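One structure is given here, and the rest of the page talks about it.
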Amino acid sequence: MKSEELQRLTASEPLTLEQEYSMQRSWREDAAKCTFIVLDAEKWQAQLSTTEESCMAGDVNLFLTDLGDPSLGEIEVMIAEPSCRGKGFGTEAVLMMMSYGVTKLGLTKFEAKIGQGNEPSIRMFRKLHFEQVAVSSVFQEVTFRLTVNEHERQWLLEQTSHVEEKCYRDGSSESH
């Protein structure tokens, strides 16, 4: 990730190619991490010869980091492609990942740690019913939390009722 703006918004450091490959391997092999790649559906559907790589807009990640609380997931989203920002991609990706966490992993709590200056992400998580629970001046980040009660669960499932889960392996996908 070479964009200084993205590094600032996501509190990320630039990685070497070797570090990037190592990180990708850890995501693939670590059961405590989930990632969905966000594609620009309009680009994807526009041409038959379009590749997934050319449609990539960003990603959404879920970390299961608290061994003492398996019902908690830390969620983060990054829409890297500037032309895809502000179009609801991040909101839809977070909703889908949260739905996956609730229905497949049994999660009932989500946390998001956001850079204090990342106003678009702060607004998005507030819109998704997250509440601010902490501020770290040292890390310059704000922590938001959502507890998924029955009302929130129903709202989340309604927001993602159009989603169709597909199994993806070795470049092919099949419907469930």
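Keep in mind that what you see is a predicted model, and the values were worked out from it rather than measured. Only this structure's heavy atoms are used, side chains among them; waters, hydrogens and symmetry mates stay out.
Residue E81 holds its CD atom at 8.0 Å from CG of D40, rounded to the nearest 0.5 Å. Here the CG atom belonging to D59 is positioned 7.5 Å from the CE atom belonging to M56, to the nearest 0.5 angstrom. Interatomic distance, E42 CD to S83 OG, rounded to the nearest 0.5 Å: 10.0 Å. One finds the CG atom of L62 at 5.5 Å from the CG atom of L107 (value rounded to the nearest 0.5 Å). Residue C55 holds its SG atom at 12.5 Å from CD1 of I37, rounded to the nearest 0.5 Å. Atom-to-atom distance recorded for T91:OG1 and R123:CZ is 10.5 Å, nearest 0.5 angstrom.
Shown here for I122 and G115, the closest heavy-atom pair between the two residues is CD1-O, 3.9 Å. Here the closest non-hydrogen pair linking I79 and R85 is O-NE, 2.9 Å. Taking all atoms of both residues into account, the shortest heavy-atom contact from S99 to T160 is OG-OG1, 3.3 Å. A pairwise comparison of heavy atoms in C34 and L105 identifies SG-CD1, 4.0 Å as the closest pair. Residues Q132 and F144 come closest through the heavy atom pair N-CD2, 3.4 Å.
D69 is linked by a salt bridge (charged side-chain N to carboxylate O under 4.0 Å, His left out) to K109, counting only residues two or more places apart in sequence or in another chain. Remark: R126 engages no residue in a salt bridge (charged side-chain N to carboxylate O under 4.0 Å, His left out) (not counting sequence neighbours). The salt bridge (charged side-chain N to carboxylate O under 4.0 Å, His left out) check on K113 picks up nothing, with sequence neighbours excluded. Considering only residues two or more places apart in sequence or on other chains, E111 meets the salt bridge (charged side-chain N to carboxylate O under 4.0 Å, His left out) condition with R145.
Side-chain contact between E92 and Q159 is absent, with no heavy-atom pair separated by less than 4.5 Å. At a threshold of 4.5 Å between non-hydrogen side-chain atoms, the residues L128 and V94 count as touching. By the 4.5 Å heavy-atom criterion applied to side chains, L146 and V148 are counted as neighbours. Side-chain atoms of V60 and M96, non-hydrogen and from C-beta on, never get closer than 4.5 Å to each other. Within the 4.5 Å cutoff, the side chain of V102 has heavy atoms near those of the R153 side chain.
For residues 114-136, the pairs satisfying ring-ring contact (aromatic ring centres under 6.0 Å, His included) are F125-F130, H129-W155, with sequence neighbours left out. Applying the ring-ring contact (aromatic ring centres under 6.0 Å, His included) test to residues at least two apart or on different chains, the pairs with a partner in residues 78-113 are F36-Y100.
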Exercise. Let me see the working for V133 and V142 under side chain to side chain contact (heavy atoms under 4.5 Å, CB included), right down to the final yes or no.
Key: CA-CA 8 Å; V133 295; V142 182; over 6 Å; no
Exercise. Report the C-alpha separation of I75 and M97 in whole Å, then their side-chain angles, then the decisive distance to 0.1 Å, and conclude whether the side chain to side chain contact (heavy atoms under 4.5 Å, CB included) test is met.
Key: CA-CA 8 Å; I75 193 162; M97 182 61 89; 3.8 Å; yes
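Within the 3.5 Å criterion, the main-chain N or O of L39 finds no donor-acceptor partner in the side chain of K43. In this structure, the side chain of S137 does not engage the main chain of Q140 through any donor-acceptor pair within 3.5 Å.
In the displayed structure, H162 atom NE2 is contacted under 6.0 Å by more than 12 heavy atoms of other residues, nucleotides or ligands.
Judged purely by distance below 3.5 Å, without hydrogens or angles, the side chains of E158 and Q154 never pair a donor atom with an acceptor atom. Residues T35 and N61 bring a donor and an acceptor atom of their side chains to less than 3.5 Å of each other.
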